[in-house]
Every structure is written in structure tokens, then in C-alpha cells.
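Below you'll find the structure, written out as C-alpha cells, and then a few comments.
Remember, it's 1-based here, ligands and their atoms both numbered in the order they're listed.
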Amino acid sequence: MKDTAAIMGIQFPKRTLEESVDLLRQVVEEPRSELFHVVTVNPEITMACQKNSELRSIVEEAGMITADGIGIVMVSRIKGDHLPERVTGYDMLLQLLAAGNEKGWSFYFLGADPVTNPKACEVIRSTYPNLKICGNQHGFFKPEDEERIITEISSARPDFLIVALGAPYAERWIHQYKDKLQAKIAIGVGGSLDVIAGKVKQTPEVWKRWNVEWLYRLIQQPHRWRRQLILPQFAIRAILYREGRK
Ligand code: UDP
């Protein structure tokens with residue numbers, strides 16, 4: 001059996017959430033000279049990669065990609081090439097924070113608005129007191145602040161650089177500066193800090209279990225409807241896509 005499933009030309013590894021986190025546990029314990037970029041690929045990114053070769057190479061060059069969203073998993077099943085489950089940035093982040101609390105790993109949190117970022121850090125600090133927060137910075141900085149932020153991250157040398165700038169801004173930002181950041185692992189986590197800080201409600205388990213997290217998010221954040229229009233388009237195109245050609 002192949003260990004990846006192709007969707008619109010992107011090779012998704014058939015890894016569960018637990019296996020993905022286990023891989024990151026190994027990576028962070030190894031000595032590394034290069035940043036290990038984790039990209040959680042959702043239907044929007046998959047579609048954007050069809051037109052945008054720069055984004056496509058960011059995804060292809062990543063150390064690890066994960067299937068972010070039930071849309072990707074369902075399409076893989078319809079195509080007969082089963083991905084085991086969705087592996088979102090938020091779910092990985094929670095597991096990494098718990099593991100980091102045991103291991104004493106260091107985290108730098110970049111992104112979310114100026115109120116939410118420190119609030120999320122406060123929640124993380126009190127829930128996971130043994131992990132180290134080696135820095136934090138909200139995500140609405142000016143271009144002229146970028147150099148200072150990169151210097152701050154590289155001097156902190158975090159085990160994990162958590163980037164909550166939204167996709168694909170986070171992926172581009174990590175890729176652009178990956179040689180300067182001196183972080184072991186960097187991962188874009190979308191709106192995860194909003195959820196941790198309580199700005200956005202966490203999706204209850206039952207909605208996740210029934211694979212309707214997208215509907216819950218739509219009800220909570222109705223302004224997302226435009227973005228979600230891409231889901232049916234993605235499903236049709238991805239099912240009809242003949243894998244094996246670029
Ligand atoms: N964000 C940010 N800087 C920006 C734009 C967005 O820090 O210039 C943050 C925003 O506050 C939110 C996150 O990025 O916390 C995006 O969340 P969303 O749920 O939209 O993530 P996506 O699904 O787009 O990855």
C-alpha cells in the first residue's frame with residue numbers, strides 16, 4: 001500500500017494525528033541545521049496551489065504536510081486512497097503544548113491580534129506551566145518591524161515557532177525567512193490562538209465527530225461563507241482530477 005494519497009497532485013502522507021505528533025517529537029529532539037516546516041494543507045491551499053507555483057513549491061518543500069480538513073480526507077476516500085483522518089494545526093498544537101509541558105520545549109507565538117496574542121500566551125502559561133514561552137508577537141506588525149521580529153525569534157532559538165497569521169500568509173512568511181529564524185520546527189496554525197484565548201469558540205467534539213466542523217465555524221463566523229464556497233468546487237475538481245499528471 002502506498003504511504004501517501006495524491007490530491008490534485010499534492011502527496012498527503014497517510015498519518016494520523018498521533019503519528020504526526022510523534023514525528024514532530026522525534027524531529028524536535030534531533031540536532032537540526034535547517035528549519036522543519038510543517039504545512040497543514042486545506043482545500044483552499046490545495047486549490048491555490050493549482051494556479052500558484054510559488055505556493056506549490058512551498059508545500060512541496062515542506063518537511064511535513066498534513067490533511068487539514070474533512071474535505072481532503074473525504075476526497076481521498078472517494079478516490080480509493082484512504083487518508084486516516086484530518087490533522088489540523090489546532091489539534092497538533094494542543095498535543096505539542098501538552099508534550100512540551102512534559103519535555104520543557106520552548107515556543108515562540110507569532111500572530112493573532114494585539115489583545116488575543118498575549119491572552120493566548122497567558123492561558124498557555126497557566127495550563128502548561130513547564131513549557132517555555134521564549135517570545136510572542138501579535139500578527140498585525142508593520143513591514144518595518146519585521147527585521148526586529150526575525151532577530152527576536154532567532155535569538156530565542158525556539159523549539160517551535162507557532163505562526164497564527166492565517167493561511168497562506170503564515171506559510172509564505174515561514175518559507176521566506178526559514179534560513180534566518182533559527183527555530184527547529186515552524187508551523188502555521190491559522191486561528192488557533194483565537195480559540196485558545198477564547199475569542200473564537202472551540203468546535204465541540206460532537207460537531208467534529210460528525211465531520212461538520214465547517215458548519216459550526218460558519219455559524220460562529222458567518223463572514224467565512226465566501227471562503228467556504230470553495231469547498232464544493234474543490235470536491236468536484238479534486239474528484240475529477242487525474243492524478244499522476246501535474
Ligand atoms: N492574522 C494575523 N495577522 C494578519 C492577518 C490575520 O495575525 O495580518 C491572524 C488573525 O488574527 C487570526 C489568524 O491570523 O488569528 C487567522 O485565522 P483564520 O481562522 O482565518 O485562519 P486560516 O483558516 O485562514 O488559516
Donor-acceptor pairs under 3.5 Å, side chain of residues 129-141 to any protein atom, not counting sequence neighbours: which ones?
from	atom 1	to	atom 2	distance (Å)
Asn136	ND2	Asn117	OD1	2.8
Gln137	OE1	Arg148	NH2	3.2
His138	ND1	Phe140	N	3.0

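- Classification of Lys142 and Glu144 as a salt-bridged pair fails, no side-chain N sitting under 4.0 Å from a carboxylate O.
- Residues lining ligand 1 at a heavy-atom distance below 4.0 Å are given as Gly111, Ala112, Asp113, Gly139, Phe140, Ala164, Leu165, Gly166, Ala167, Tyr169, Gly190, Gly191, Asp194, Arg217, Arg224, Arg227, ordered by chain and residue number.
- Contact check on Asp159 versus Lys103 returns no salt bridge, with no Lys/Arg side-chain nitrogen under 4.0 Å from an Asp/Glu carboxylate oxygen.
- If you take CZ on Arg25 and CD on Glu18, they are separated by 9.0 Å, rounding to the nearest 0.5 Å.
- Residues passing the salt bridge (charged side-chain N to carboxylate O under 4.0 Å, His left out) test with Arg86, sequence neighbours excluded: Asp91, Glu213.
- Residue pairs that meet the salt bridge (charged side-chain N to carboxylate O under 4.0 Å, His left out) test with at least one member in residues 185-198, sequence neighbours left out, do not exist here.
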